[in-house]
Amino acid sequence: MNILIMGGPGAGKGTMSAKIVEKFNVNHISTGDIFRSEIGNGTELGLEAKSYMDKGLLVPDELVNNMVKSYLDKLEDKKNGFLLDGYPRTLEQAKAFDALAGDGALSIDKVIAMDILFDVLAGRITGRRLCKECGEIYHLQSKPPMVEGKCDVCGGDLYQRKDDTVESLTVRLDEYSKQTAPVLDYYEQKGIVARINADQPIENVWSDVLKALED
Ligand code: AP5
Ligand code: ZN
């Protein structure tokens, strides 16, 4: 099964993606994570992406489309399909992905739309902490680590993302409304969207996501 998870910044896409990947054994393709790894490795692509990401702006379509294509080409273990997280997030990306996928093995079967009011997202973003080593996602209030600043899973140090500021969030929300919301309408027309109330405790959101995927 090929799944796409959509939602505003901090809606809980990464948190649900980790659970979906474990349960359904699919490849996780998060364009945000790939860019952050390119930045960490100091590549040319990373440097270019960073100039947009730090400001909360979307990275240009052509760069993202090419990156996803080459990532998919290199996937050796196809697992049970893939989970797209954070891509496509413009109409141009959605159309480019459709052209690449056609009706074949890459086409998207189900879209999970994480519905949440924008007012809730500032708290999600400013309280988020991530493990430097394994990427586990924490939140100071809703999912605190057992030992302050340390990952429960691997003991690694926790850090805050550079774009997790209120200033950058304002830009990210604006980008979402203008560029990404139309993508959801595009998939609604295909009749493959499941809308999830993302403003519930993590376990309840997960139970709704699971129901939608097992439907
Ligand atoms: P990306 O990495 O995709 O970030 P984003 O869309 O802003 O989403 P986030 O990762 O911030 O949030 P999330 O929904 O995953 O929430 P999480 O589960 O962590 O993109 C970053 C940047 O990269 C973009 O701005 C852009 O520049 C660039 N980029 C990436 N893809 C691109 C593309 N396709 N085109 C162009 N540019 C692209 O949860 C958030 C917090 O809330 C956590 O602390 C978590 O513990 C907590 N939480 C989660 N669920 C709950 C819950 N139910 N209740 C309480 N707390 C919860
Ligand atoms: Zn860890």
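In each ligand, atom 1 is the first atom listed, and ligand 1 is the first ligand listed. All values derive from a computational prediction rather than experimental measurement. Below, each value reflects all heavy atoms present in this structure, side chains not excepted, and no hydrogens, waters or symmetry copies.
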- Distance criterion under 2.8 Å: protein N/O/S atoms around the Zn ion (ligand 2): 4

- Rounded to the nearest 0.5 Å, how far apart are CG of L45 and CE of M67? 6.5 Å

- Query: Once you round to the nearest 0.5 Å, how far does CG of L210 lie from CE of M16?
  - Reply: 10.0 Å

- Could you give all pairs that pass the salt bridge (Lys or Arg N to Asp or Glu O under 4.0 Å) test and reach residues 78-102, with sequence neighbours left out? D98-K190

- Item | Sequence-distant partners of L213, side chain to side chain contact (heavy atoms under 4.5 Å, CB included), two or more places apart | M1, I3, I20, F24, K110, I112, V209

- Message: For T165, is there any backbone N or O sitting under 3.5 Å from a side-chain donor or acceptor partner on S168?
- Response: no

- Query: NZ of K69 to CG of L72: how many Å apart, nearest 0.5 Å?
  - Reply: 9.0 Å

- So, Q179 and T90: side-chain donor and acceptor under 3.5 Å apart, yes or no? no

- Within the protein, residues bringing a heavy atom under 4.0 Å of ligand 1, chain by chain: G8, P9, G10, A11, G12, K13, G14, T15, T31, G32, R36, M53, L57, L58, V59, V64, G86, Y87, R89, Q93, R124, I125, R128, I137, Y138, H139, S142, R161, D163, R172, A198, Q200, P201, I202, V205

- In this structure, CG of L130 is separated from CD of E136 (nearest 0.5 Å) by 9.5 Å

- Task: Measure the spacing between CZ of F82 and CG of L75 and express it to the nearest 0.5 Å.
- Result: 9.0 Å

